[in-house]
2 protein chains.
Amino acid sequence: MDDRREPSLLFLTDEQLKKGIEAMYFAYRGFTADPDRILEKYGYGRAHHRAIHFIHRSPGTTVNNLLAILGVTKQSLNRVLRTLIEDGLVESRVGKRDKRERNMYLTEKGISLEGELAEAQRARMRKAYRDAGPDAVQGFRQVLEAMMDAEQRRHFNLLKDPE
Amino acid sequence: MDDRREPSLLFLTDEQLKKGIEAMYFAYRGFTADPDRILEKYGYGRAHHRAIHFIHRSPGTTVNNLLAILGVTKQSLNRVLRTLIEDGLVESRVGKRDKRERNMYLTEKGISLEGELAEAQRARMRKAYRDAGPDAVQGFRQVLEAMMDAEQRRHFNLLKDPE
DNA sequence: CAAACTAAGTCAGTCTTGTTGACTTTCCAA
DNA sequence: TTGGAAAGTCAACAAGACTGACTTAGTTTG
């Protein structure tokens with residue numbers, strides 16, 4: 001019998017897995033740091049950011065669809081949407097086919113905040129990609145996708161892919 | 001003039017950066033899902049997990065050191081530590097050199113919960129690494145490290161590296 | 001030695017974001 | 001026409017973060 005193993009298996013020591021876990025923890029804090037600073041200026045939190053992001057991403061999306069993507073309760077999402085509608089960042093239109101549904105759209109003001117948040121986050125991602133080099137980006141995306149729950153991966157893949 | 005650009009730069013469209021951002025969001029939810037389920041059984045939250053993780057990682061660590069790593073307030077950390085000490089998962093010992101300091105250690109019970117949490121998280125990371133392939137892992141780690149704030153990266157690198 | 005500083009812990013109050021449960025209104029579809 | 005689905009509301013609660021003020025113990029420094 002050949003005693004040698006695939007390097008791809010040998011490689012996965014508990015210590016190295018732990019470093020991956022810690023990297024994920026510290027990186028996520030960096031990932032949210034810039035938007036958090038911007039949101040604070042306007043008196044919003046991460047929940048508002050998530051709603052704004054996914055409404056921008058899929059204009060006209062329904063409450064139910066947002067609930068499925070975000071994985072929170074109706075009451076929790078509703079509190080956030082109500083604030084954004086009151087503040088004039090989001091517009092809720094009664095559904096054309098099914099009038100029970102509400103289709104969500106960003107207003108000019110909403111688009112403007114979305115842009116500010118997205119650009120801050122893209123800037124960090126751009127820097128991380130450039131620092132890590134082009135080969136790293138592919139691996140980064142592959143591991144993240146493999147880390148998702150099936151349900152989340154489904155939502156992720158339903159979002160429009162660049163070209 | 002040559003109209004062609006470096007693939008490594010051409011590559012960074014806003015849409016592709018956005019997919020990276022969304023991948024980070026969905027992956028982090030997967031990353032925390034398993035520990036969250038375990039913690040719920042014991043009536044603990046993510047804050048308890050973080051404390052347990054870093055005390056396990058650096059036995060004898062002080063409160064001040066944990067505050068720096070976790071980036072929360074003393075009051076917030078103290079609430080969590082108090083519970084863990086009361087429940088017999090963490091032991092707080094008066095410092096040898098400086099008696100103002102408290103050195104934190106996991107008890108048998110604490111080590112046991114840490115093991116359960118860590119194994120769940122490692123299992124997911126192991127699966128993600130295997131699904132993505134050995135080449136991807138390097139890139140994953142590089143991008144994450146580049147995404148951290150300098151302060152967080154410092155803490156990350158201070159944690160003992162495998163071999 | 002006394003004063004100043006530091007580490008830890010505590011008390012009180014606030015905020016965001018999540019939860020459950022009960023309920024209404026609207027409206028589609030069998 | 002009636003049952004059920006979608007959306008929204010009200011109330012109550014909890015975790016986990018925050019600020020600010022304060023105590024106690026112990027160390028360091030002038």
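Letters A, B, ... are given to chains in the order of the sequence lines, protein chains preceding strands, and every chain is numbered from 1.
- Heavy-atom minimum distance, N103(A) versus G95(A): OD1-CA, 3.3 Å.
- Here D135(A) pairs with nothing under the salt bridge (Lys or Arg N to Asp or Glu O under 4.0 Å) rule; sequence neighbours left out.
- For DNA chain C, the outermost nucleotides in 5' to 3' order that have an atom under 4.0 Å from a heavy atom of chain B are dT6(C) to dC11(C).
- In this view, K99(A) and V94(A) satisfy the side chain to side chain contact (heavy atoms under 4.5 Å, CB included) rule, not counting sequence neighbours.
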Identify the pairs formed between an N or O of the protein and an N or O of nucleotides 10-14 of chain D at a distance under 3.5 Å, and give each distance.
none

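- Within residues 61-73 of chain B, the residues having any heavy atom closer than 4.0 Å to DNA chain D are, in order of number, G71(B), V72(B), T73(B).
- Annotation: side chain to side chain contact (heavy atoms under 4.5 Å, CB included) contacts of A123(A) (sequence neighbours excluded): E119(A), R126(A).
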Per-nucleotide protein contact along nucleotides 22-30 of chain D, 5' to 3', at a 4.0 Å heavy-atom cut-off (B base, S sugar-phosphate only, - neither), is ---BBS---

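- Side-chain contact between L12(B) and R122(A) is absent, with no heavy atoms from C-beta onward closer than 4.5 Å.
- Shown here for L106(A) and I52(A), the closest heavy-atom pair between the two residues is CD1-O, 4.0 Å.
- Stem list for DNA chain D (at least 3 consecutive Watson-Crick or G-U pairs, distances under 3.5 Å): C:1-30 with D:1-30.
- Residues that satisfy the side chain to side chain contact (heavy atoms under 4.5 Å, CB included) test with K109(A), not counting sequence neighbours, are L89(A), T107(A).
- The backbone N or O of R100(A) sits less than 3.5 Å from a side-chain atom of D98(A), completing a donor-acceptor pair.
- Map E101(B) and G43(A) each onto its nearest nucleotide of DNA chain C; the residue landing nearer the 5' end is E101(B).
- The side chain to side chain donor-acceptor pair (under 3.5 Å) contacts involving residues 29-47 of chain B comprise Q152(A)-R29(B), Y25(B)-R29(B), T32(B)-R46(B), D34(B)-R37(B), D34(B)-R124(B), D36(B)-R46(B), K41(B)-E116(B), Y42(B)-E116(B), Y44(B)-D87(B), where partners must be two or more places apart or lie in separate chains.
- Using a 4.5 Å heavy-atom cutoff, the side chains of D131(A) and Q142(B) are not in contact.
- Aromatic ring pairs are classed by plane angle as parallel below 30°, tilted from 30° to 60° and perpendicular above 60°; the pair F156(A) and F26(B) is perpendicular.
- In this structure, H48(B) does not reach the dA15(D) phosphate: none of its side-chain N or O atoms is under 4.0 Å from OP1 or OP2.
- Annotation: side chain of H49(B) is not in contact with side chain of I38(B) (no heavy-atom distance under 4.5 Å).
- Residues L117(B) and H53(B) fail the side-chain proximity criterion, which asks for heavy atoms closer than 4.5 Å.
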Show every donor-acceptor pair shorter than 3.5 Å between a side-chain atom in residues 62-85 of chain B and any protein atom, with sequence neighbours excluded, or say none if there are none.
residue : atom : partner : partner atom : Å
T62(B)  : OG1  : N65(B)  : N            : 3.2
N65(B)  : ND2  : T61(B)  : OG1          : 2.7
T73(B)  : OG1  : S76(B)  : N            : 3.4
T83(B)  : OG1  : R79(B)  : O            : 2.8

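- Residues satisfying the side chain to side chain contact (heavy atoms under 4.5 Å, CB included) test with A27(B), not counting sequence neighbours, are M24(A), L144(A), M147(A), M148(A).
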